[in-house]
Amino acid sequence: MKKQITFISLLALSFSYSQDMHQNDTVATKEIAEVALIKKNFKKESDRFVYDVARSPVAKGNTAFGILKATPMVSSTDDKTVKVLGKSNAVIFMNGRRTNMNAEAVVELLKNTPAENISKIEVITVPGSEYNVESSEAVINIVLKKKLDDGMNGNFRVTNHQDYYNQQSSAVSLNFRKDKLGISTNINGSNWQRRQYYKLQNGTAGYQNTSEGPVSDPNLNLGGYLNMDYALTDRQNIALSWNSWANRSYDSRGELFNSITTPAGINYNKTINNENSRSYNNSLNLNYELKTDSLGSKLNLNVAYLNYKRFQHNTNSTFESNTLRETLDLTNMFRQRAPQIIDNYAATADYLHKFKNELTLAAGGNFSKTETDNDTYFEQLNPLTGNYIKDENQSNHFLYREQISGAYLSAEKKIGEKFSGKLGVRWENTHSFGEILNSDVNIKRDYSNPLPFASFSYDINDQNNVSYSFSSRIRRPSFWELNPVRVYLTPTNYIQNNPFVKASEVYNHNFTYMLKQSYFFVVSHSLTRDDFSQIPLQKGDELRYIRTNYGDKVEFSATVGTQKSFFGSIFTTNTNIGLQINRVDAFLDHDPITGDQFSPFSINTHTNSLLIQTNNTIRLSHKKDWYLGVNYWYVGAQILNIGTLKPLSSLDVSIKKIWNDWTFNLEATDLLRTNVVKVDDTQGNGNYNFVTNDQFNRGVQFSVTYNFGNKKVKGLRKIEDASKDAKSRTR
């Protein structure tokens, strides 16, 4: 089911292998110098890689999400998130500003944004001080096409996807410009249902449990945005952006058949979880921009408001069963409501000054205030009276307030024609206070962090370039991770969120060698101090997935790849091959909320994993109207904080037809049925925990895209939303 039941929450870390594959940037993303490039789709600039989507044969009829998966160094193995260099979640920007929605809404938008709207994609593996991102997150900036004339244009896209269930989606985008006013809007909707099958096995010396069964999660989504930009004068612009997204997931159902082995024998029962939920995300951002000179210096101001609401109600019932998996007498039943409301107020100020001697100085600050309200109500059925009784121990009203203040200063200098460097520092202060009403539980934190950054790039000659970057970041828990609520899978198997989770410190290094703007070699290293995630603790028949700080994590990768066309652009390939080394040093033996003692959980090891990704396009006709796509990716076994993820892979094939302004695309995914998640862990004390998750990724998708109107309508300015940080930490 959805996050609430939350098998998906349980496996979020399973996908964190190289698929840990939330949602900042300021002046640097907005001030990208255009470099003329002839017949090159991919190039290296001072602090980023640039993929020229407009030149790519895979763009026509594709979506923003699809084109991201075809971008060098970018990958997705779960069709929900994107990764850079096989690790850490990538932060998505569009036209220089962070997307205004939570993670689910961002994916829906990307899957319903035609790739024909995109000019280029910028991959920033190590963001600078001006980027207000967290942990080891990379930045992906999607730059939409700029048009020239007044008028209106747009496109319409419909998609039908068939895997276990049939799913539909559609989207329409419009762009309008008249004199000083520009308007862009998008409306998208989808009706999809995900089928999954889980097998959960865990045990101790005297207890073994196997839970397996299907999960069905239907979803209706409706979202979109409206951006308006008005030129007050030749040097001043004002803009207003509104983003909205709504999700309804009613009649989600999970059904687990449980086999419990104890010294007394084997017992069988069945747990059925039914859930209804809905969520809403609305944000407003007001922007003012003043160009202070003709060299590109400018002042940029933003104020924003974000409101996120999620309402969820589920009923968990456990029945006696037998070897035939029949549903017999009711043994346990409870209901749970876990609403969450988030209000965020934010402001940013950025000033960039360019000098004639190739020196650029940037300075800015940000302020964010967030208030969350989480009122969990838990009630247990009394089988004698048939009435529900409130459970005071599991019901709680948790309030969380947080203020983040930040400031940065950076300097970028180009020396001669070959060398450029950038130095910066960001300072952040975090003040937070969480409390459970009508209890003595409260958590107060006040800490400051200086976060240095350095980047250097050297052009050996016109064919060879080397660069190095270092950054330090803070990774804060999401707001929903702090909410002290339990999410039950079975009566004795559940996930426990934790208001005591502390922020982690992350240090990133990246070295890149680029040859002929077509071949690249990248070495990256990331160290996370006091990382946090879900850690499984077992005692008797109880298995708790505790969200807490557990230890340190190290990720190292070396990747060699190419983005190149052959035979007069008949064959185009984007291929990466690399080695990833993951090391986890984890230890936990108690519940940090209740203090209950458990058998120690410990991981102190590493894995060497092979990564392969190849996306290939073959032009089938000289008219450039038929294309064949063959894509494949492979991820070797990797150690996670929960255990070892077994190898994953997927083979996808597509055929595309272009006819005037119409594009028809047929795609088959996971043809070999090899994209099934399996996580295994066996402790030295004999405790074990195995998780298998089949998401039925084999499927067929057909899409139709139509472009209409004046193709030269000018696009809007790049504007950054001030509430971008809070959005990344909503669900």
(request) Kindly write out the residues that satisfy side-chain contact (heavy atoms from CB on, under 4.5 Å) with T607, not counting sequence neighbours, or none if the list is empty. (result) N582, Q638, I639
(request) For T573 and T575, test the side chains for any donor-to-acceptor distance below 3.5 angstrom and give the result as yes or no. (result) yes
(message) Out of the candidates Q167, H161, Q162, only one should pair with Q701 under the side chain to side chain donor-acceptor pair (under 3.5 Å) rule; please name it.
(response) H161
(request) Would you check if there is a donor-acceptor pair between the side chains of N186 and N188 at a distance under 3.5 Å? (result) yes
(request) State whether F532 and R475 meet the cation-pi test: NZ (Lys) or CZ (Arg) under 6.0 Å from the six-membered ring centroid, and within 45° of the perpendicular axis. (result) yes
(message) Considering only residues two or more places apart or on different chains, which pairs with a residue in residues 557-582 satisfy ring pair (Phe, Tyr, Trp, His ring centres under 6.0 Å)?
(response) none
(request) Assess the side chains of N273 and T271: does a donor N or O sit below 3.5 Å from an acceptor N or O? (result) no
(message) Does T705 form a side-chain hydrogen bond (donor to acceptor under 3.5 Å, both in side chains) with R157? I'd like the steps, not just the answer.
(response) CA-CA 4 Å; T705 305; R157 176 184 173 87; 3.1 Å; yes
(message) Under a plain distance cut-off of 3.5 Å, with no hydrogens placed, do N219 and N247 share a side-chain donor-acceptor pair?
(response) yes
(request) Consider only side-chain N and O atoms of S524 and S557, and report whether a donor and an acceptor are under 3.5 Å apart. (result) yes
(message) With no hydrogens and no angle check, just 3.5 Å: does a side-chain donor-acceptor pair link N689 and Y545?
(response) yes
(message) I'd like to know whether Y688 forms a side-chain hydrogen bond (donor to acceptor under 3.5 Å, both in side chains) with Q683, so could you lay out the CA-CA distance, the side-chain angles of the two residues, the decisive distance to 0.1 Å, and finally the verdict.
(response) CA-CA 6 Å; Y688 67 89; Q683 294 288 301; over 6 Å; no
(message) If you define the side chain from C-beta out and look only at heavy atoms, does anything of Q563 sit under 4.5 Å from Y51?
(response) yes
(message) Is the terminal nitrogen or CZ of R195 (NZ for Lys, CZ for Arg) located under 6.0 angstrom from the six-membered ring centre of Y197 and within 45° of that ring's axis?
(response) no
(request) Tell me, with the steps shown, if D652 and S650 meet side-chain hydrogen bond (donor to acceptor under 3.5 Å, both in side chains). (result) CA-CA 6 Å; D652 310 328; S650 180; 2.9 Å; yes
(request) Could you tell me whether Y513 and F511 have their ring centroids closer than 6.0 angstrom? (result) no
(message) side-chain hydrogen bond (donor to acceptor under 3.5 Å, both in side chains) for S252 and D217? Distances and angles first, verdict last.
(response) CA-CA 5 Å; S252 293; D217 181 26; 2.7 Å; yes
(message) We want to know whether N665 and N62 form a side-chain donor-acceptor pair, criterion being a heavy-atom distance below 3.5 angstrom.
(response) no
(request) Answer yes when D585 and K553 have at least one side-chain N-carboxylate O distance shorter than 4.0 Å, and no when they do not. (result) no
(message) Within the 3.5 Å criterion, strictly below it, is a donor on S469 or N510 matched to an acceptor on the partner's side chain?
(response) no
(message) My understanding is that only residues two or more places apart in sequence, or in another chain, count here; which of them pass ring pair (Phe, Tyr, Trp, His ring centres under 6.0 Å) with Y627?
(response) none
